[in-house]
2 protein chains.
Amino acid sequence: MNVSETLFKPIKAKRTFEEVSTEIKSLIFKSVLKPSDKLPSEIALARQFNVGRQTVREALRILELSGFITIRKGARGGPIISDTISNTISNSFLDAIQMKSINIGELTLARLEIEKVVLNHAINNADSSDIKDLQENVLKAKRKTENRFQAFSENIEFHKLLAEASKNHVFVIVIQSIMAVVADFLSRLEPNLEKSKRVVKAHEDILNAIISKRGDEAITLLEKHLLQVEVELQVSYDKLTRNDSVESGKS
Amino acid sequence: MNVSETLFKPIKAKRTFEEVSTEIKSLIFKSVLKPSDKLPSEIALARQFNVGRQTVREALRILELSGFITIRKGARGGPIISDTISNTISNSFLDAIQMKSINIGELTLARLEIEKVVLNHAINNADSSDIKDLQENVLKAKRKTENRFQAFSENIEFHKLLAEASKNHVFVIVIQSIMAVVADFLSRLEPNLEKSKRVVKAHEDILNAIISKRGDEAITLLEKHLLQVEVELQVSYDKLTRNDSVESGKS
DNA sequence: TCACATTTGTCCGTATGTATC
DNA sequence: AGATACATACGGACAAATGTG
C-alpha cells in the first residue's frame, strides 16, 4: 500500500566502507575539508572511524575514483583533497562511449549542436577576464606551434574556456566531458603539426569574432571548424583502424 | 616502447589493483564478458591473477563504482557484469553539481537549451518504435496519476526516451546525466499529485506535436513545460531550504 | 524448518616499496 | 645515506548474508 515510502527508501544495507566514504564526502561538501587539505593516514583513519584498514582503503579507493582525493605515497604522503572533480565524469563518459562504441560522426554531431548553444551563451556572458583567458590560450598555442610543437592540450582547453565564459556550470561540465572523449580520439592519432596550426588559427578567428561581437560569424566559424576537424579525424581514424589488430600481450 | 602513446597517458597503471581492474574492464569492452555473466569469486580471482584478495577487492570496488559490475552477497553470489553503465556518470554528475552548488535556474537553462537541440533531432529521427515507447510511457504515467499516484520515474523516463529517439548516443548520455540531477532535485520535494498530472499532460501534448510533425510547436511546448517546472521547483525549493538544518542523524 | 556450503564483508598481523627529511 | 612515515600488498581468520538441499 504505502508504495511511496518504499519507493525512495533503498533497502540496501550500507557497507562500512560506504559509510566511511560518504562521511568524508559530506565533510568535503560542507567545506570542512578543503582542496589541498591533508587527510589522516589510513591507519589513523582506521583508528578514528574504529574500523579496519582494509575498510578504510576501500573507502579511499571510492573517493579517489570519484575524484575527491588524490593519494601520495611515501613519508608526508597520504590522501589529499582534490580541487577538481570533473575529470572523473570524463572518465565515466569515456567508459560509456566505449561501451556504446560511438563513432566520430555521432560525436561530432552532438558536440557541434551543444557547442553552438554554449558559444551563444558565451558570446552574451563573457567578461573581460574570460576574453583574457581565451586570448592567452590562443597565444600560448600559437607560440607552441611556431616552435614546431603541437598545441594539443591548449586546443582542448580552448573549448573548456568557452564553456566557462557561458557562466553556466552545467555547460562547463558537459563540455568537459565531451572534450575528454574528443581528446581520447585525438590522442590515438599520429601527431600532425599542420593540423594543429589550422586548429589554432580557427580558434583565433572564432575568438576575434567573439571579441568584435559578431556572434553569427563566430558560430559559423565554429561550425566550419568542427566539421573540418571531423573530416580529418575520420580520415586518420580509418587509416588507424585498418590495421587494427591491437592486442595487449598476455604476460 | 611506444612513447608517443604514453605521452598523454601517464596513468600510473602501476598499482596492482588497477591492472586487475583494467584487465577485467578490457574483457568487458571486448565482449568476452557480457552482461549478466558471472565473474569468479574474490578468492578464485585472486588465485587466477596471482594476487591477494585485498587487491582483488579494490579492483572490484573500482569496477563496481564505474558501473561495470554489481556484487551480490551469499552463496551463488559474487560479481556480475552489469548491462548499464550510465547511472555511474549520473552519480559523478551529481557529485560535481553538488560541488559547484549549481542552482535551479542554471540547471534549467542548460537543460532547456540542450533538450531543445535533442528534441529537434528526435523529431527528425524518431521511428515508429520510438513513438510507441513514448506513447506507452505517457499512457503508463497517465494511469498512475489517475490512480492517485505520482508518475515520478515515468516523467523522468520520458525525456530519456526523447533522447533515444534522436538516435545519437552522446545525446542519450548527456540527457541521462542531466535528468539524474533533475531527479535528485525533485526527490527532495514533497509529493504533489496535481503537479505530476500537469507534467504528464505536458508530455502528452509534446508527444502529439511530434507525432503530427509539428516540430516548432513541440519545441515551444517543451520550452513552456521546462520553464513551468522550474518555477514550481524554485518555489518548493525555497520553502525547503528555509528550514535547512538537514543533519543526517547517527543510528 | 533447518542445517550447510558459498561468498562477501571485515579485521588483524606482517612485509615491502617508496617518497620525504 | 639512513631513518621515518606512508601506501601497497599478502595471508589468515571470523562474521554475516544468502541460496540450496
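Nothing here was measured: the structure is a model prediction, and the numbers come from that model. Residue numbers begin at 1 in each chain, while the letters A, B, ... track the order of the sequences.
Within residues 51-63 of chain B, the residues approached by DNA chain C to less than 4.0 Å at the level of any non-hydrogen atom are Arg53(B), Arg57(B), Arg61(B), in residue-number order.
Among the nucleotides dT4(D), dT8(C), dA9(D), the one closest to any side-chain atom of Ala75(A) is dT4(D).
Between the CZ atom of Arg76(B) and the C1' atom of dT18(D) there is a distance of 12 Å, given to the nearest Å. The nearest whole Å value for the distance from the CZ atom in Arg15(A) to the P atom in dA17(D) is 14 Å. Spacing between atom NZ of Lys14(B) and atom P of dG17(C) amounts to 13 Å, rounded to whole angstrom units. What separates CD1 of Ile71(B) from P of dT8(C) is a distance of 7 Å, to the nearest Å. Nucleotide dC10(D) holds its P atom 8 Å from the CG atom of Asn50(B), rounded to whole Å. Distance, Ile43(A) CD1 to dT4(D) P: 15 Å, rounded to whole Å. Atom CZ of Arg72(B) is separated from atom P of dG19(D) by 7 Å (rounded to the nearest Å). One atom, CD of Glu42(B), and another, P of dT7(C), lie 10 Å apart when rounded to the nearest Å.
The side chain of Thr16(A) places no N or O atom within less than 4.0 Å of a non-bridging phosphate oxygen (OP1 or OP2) of dG9(C).
Under a 4.0 Å N-O distance rule, the pair Glu64(A)/Arg15(B) qualifies as a salt bridge.
Looking at heavy atoms from C-beta onward, Arg61(B) lies out of side-chain contact with Leu65(A) at the 4.5 angstrom threshold.
For an aromatic pair to be called close, the ring centres must be under 6.0 Å apart, and Phe68(B) with Phe29(B) satisfies this.
More than 12 heavy atoms of other shown residues, nucleotides or ligands fall within 6.0 angstrom of atom NZ in Lys38(B). Within 6.0 Å of NZ in Lys167(A) there are more than 12 heavy atoms belonging to other residues, nucleotides or ligands.
Judged purely by atom type and a 3.5 angstrom limit, Gln176(A) has no side-chain atom pairing as donor or acceptor with the backbone of Ser90(A).
Between Lys73(A) and Gly77(B), the one whose closest nucleotide on DNA chain C sits nearer the 5' end is Gly77(B).
Within 4.0 Å (heavy atoms only), Pro79(B) reaches sugar-phosphate atoms of the nucleic acid but no base atom.
Using bins of under 30°, 30° to 60° and over 60° for the plane-to-plane angle, the ring pair His159(A)/His203(A) lands in the perpendicular bin.
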